Amino acid sequence: MKSPVRRCRDVEHGRGQVWAGSSFMQAEQRIPVSKDAITASSASAMWFIRDACGIVCALITWLLVFYAEFVVLFVMLIPSNNLTYSVINGSLFNALAFLALASHARAMCTDPGAVPKGNATMEYIESLQLKPGQVVYKCPKCCSIKPDRAHHCSVCKRCIRKMDHHCPWVNNCVGENNQKYFVLFTMYIALISLHVLVMVVLHFLYCFEDDWTKCSSFSPPATVILLILLCFEGLLFLIFTSVMFGTQVHSICTDETGIERLKGETGRWEKVPCWEAMRVAFGGPFSLSWCSPFSQLSCKRNPPELLTLPQGDIIEEDVIQIPLS
């Protein structure tokens, strides 16, 4: 008879048969536990990952936006003699910057879809009332019951439903619950970068045609250095965020996360159409709320609903199949 460790490896790789009490079941007939059967933890209203690298990257992101704000306002717009040009571009830039930072904050402080920690007990499995033949997977790292399409994040130290990747720039995983905000963040940063590049080019043309001392309140060398740094920042982030935005939209439309493509796990589930997947990711039918990072944001301070998990010892097996009888 195979050892438990060997038997679990066979199940994970789809080889041989799975022993369930007194019944055998072919591996291709196994039904994993869906994400709907295992709810996410709502024990805390605020989600924040205490990761030093992620916190530093998030602060750098905000500082770069504030640097662009400084150069746009005090180097290009305020010294300009064209009031209409300054008002229109200043309003547009500040609106996009505000939406970008709001999207970043929502992506960073929203639970990406974490599975309750330490719920891998036989009592909890029995409370799920699963059907015979279904298979329960336990994460050996966080001792949680993993629903289908969930993966463990070594930084968050949790299993995340539909985890796409862990992004240090938002100090959080991109998962089922916050993918919309990450998409909005990349979109608004790309728009800001494009807007900045256009304004920098126009400002350089204006300064070359006129006296450099009249096109900025700073000295000509300082003005050139500030504009070159802003141009480099805008070009870099335009390329990076545009690629990320396109990748995320493609992942939503194909119903495949980045980690699933990387591990070759595609094709194990019934995919939903592109438009339906977009509606699920963005929280409803197409409307202006798709572009708002403030949708589904409530100011009510209701106490969070605590999940009462059945108590018991953590199971030792990584794979448990519900017996057929």
Side-chain angles (χ1 to χ4, degrees), residues 44-78 86-112 155-156 164-175 177-200 226-227 229-249 252 281-283 287-299:
S44 60
M46 180 64 70
W47 174 274
F48 186 79
I49 301 301
R50 293 178 177 85
D51 175 57
C53 177
I55 294 174
V56 171
C57 289
L59 289 176
I60 291 176
T61 302
W62 282 62
L63 290 176
L64 289 174
V65 175
F66 288 144
Y67 171 77
E69 178 86 17
F70 169 79
V71 178
V72 168
L73 291 181
F74 294 100
V75 177
M76 292 190 288
L77 296 184
I78 293 180
S86 298
V87 170
I88 292 177
N89 284 279
S91 300
L92 178 60
F93 178 84
N94 282 280
L96 292 176
F98 175 74
L99 291 172
L101 294 179
S103 301
H104 183 274
R106 291 300 304 275
M108 180 171 57
C109 299
T110 299
D111 184 342
V155 180
C156 298
D164 187 87
H165 68 288
H166 183 91
C167 179
W169 296 107
V170 297
N171 189 33
N172 201 1
C173 275
V174 178
N177 293 344
N178 67 342
Q179 190 173 28
K180 168 189 173 179
Y181 308 121
F182 183 76
V183 171
L184 293 180
F185 168 66
T186 57
M187 181 183 74
Y188 287 127
I189 290 294
L191 292 176
I192 288 176
S193 302
L194 180 61
H195 187 209
V196 160
L197 289 174
V198 172
M199 286 194 294
V200 168
L226 291 173
L227 290 178
L229 290 177
L230 181 62
C231 184
F232 177 76
E233 176 190 344
L235 184 61
L236 179 65
F237 278 92
L238 175 62
I239 297 174
F240 176 74
T241 55
S242 297
V243 171
M244 289 301 301
F245 174 78
T247 302
Q248 290 299 305
V249 173
I252 295 175
F282 285 85
S287 64
L288 289 178
S289 63
W290 279 24
C291 299
S292 172
F294 303 103
S295 59
Q296 301 176 351
L297 181 64
S298 177
C299 296

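Keep in mind the model is a prediction, meaning the values are calculated, not measured.
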Worksheet item: Within the distance-only criterion (no hydrogens, no angle test), does the side chain of Y188 pair as donor or acceptor with the backbone N or O of A95 below 3.5 angstrom?
Response: no
Worksheet entry | Rounded distance [0.5 Å steps], CG in L191 versus CG in L99 | 10.0 Å
Item to complete: Could you walk me through whether L92 and H195 pass the side chain to side chain contact (heavy atoms under 4.5 Å, CB included) test, one step at a time?
Response: CA-CA 9 Å; L92 178 60; H195 187 209; 3.9 Å; yes
Worksheet entry | Flag side-chain contact, heavy atom, 4.5 Å: C156 against N172 | yes
Item to complete: State, with a plain yes or no, whether a side-chain heavy atom of V196 is found less than 4.5 Å away from one of F237.
Response: no
Item to complete: Working to the nearest 0.5 Å, report the span between CG of L235 and CG of L194.
Response: 10.5 Å
Discussion item. Counting C-beta onward and ignoring hydrogens, is there a side-chain heavy-atom pair between L236 and E233 closer than 4.5 Å?
Written reply: no
Practice prompt. For D164 and V174, indicate whether the former's side chain and the latter's backbone hold a donor-acceptor pair under 3.5 Å.
Written response: no
Item to complete: Report the distance from atom CZ of F185 to atom CG of L101, rounding to the nearest 0.5 Å.
Response: 8.0 Å
Worksheet item: Are any of the side-chain heavy atoms of F182 and H165 separated by less than 4.5 Å?
Response: yes
Worksheet item: Hey, does the side chain of T110 reach the backbone of A107 with a donor-acceptor pair shorter than 3.5 angstrom?
Response: no
Fill in: Spatial distance of atom NE2 (H166) from atom SG (C53) [nearest 0.5 Å]
8.0 Å
Discussion item. What I'd like to find out is whether the side chain of F232 reaches to under 4.5 Å of the side chain of V200, using heavy atoms alone.
Written reply: no
Worksheet item: So, do L77 and M199 sit near enough that their side-chain heavy atoms are less than 4.5 Å apart?
Response: yes
Worksheet item: Just how far is it from atom CH2 of W290 to atom OG of S295, taken to the nearest 0.5 Å?
Response: 11.5 Å
Practice prompt. Might you point out which heavy atoms bring A102 and P293 nearest each other, and give the distance in Å?
Written response: CB-CG, 3.8 Å
Fill in: Rounded distance [0.5 Å steps], CG in N89 versus CE in M76
8.5 Å
Worksheet entry | Heavy-atom pair of closest approach, residues K180 and S289 | NZ-O, 3.0 Å
Discussion item. Looking at I49, is its backbone amide N or carbonyl O close enough to the side chain of N171 to form a donor-acceptor pair, meaning the two atoms are under 3.5 Å apart?
Written reply: yes
Could you pull out every donor-acceptor pair under 3.5 Å between side chains of residues 62-75 and any protein atom, sequence neighbours left out?
from: W62; atom 1: NE1; to: H104; atom 2: ND1; distance (Å): 3.0
from: Y67; atom 1: OH; to: L226; atom 2: O; distance (Å): 3.1

Worksheet item: Is a side-chain donor or acceptor of R106 paired with a backbone partner of Y181 at a separation under 3.5 angstrom?
Response: no
Practice prompt. Search all heavy atoms of A190 against all heavy atoms of S242 and return the closest pair with its distance.
Written response: CB-OG, 3.9 Å
Worksheet item: Taking I192 as the fixed residue, which of T241, L197, L96 is the one that meets the side chain to side chain contact (heavy atoms under 4.5 Å, CB included) rule?
Response: L96
Fill in: Side-chain heavy atoms of V183 within contact of I252, under 4.5 Å
yes
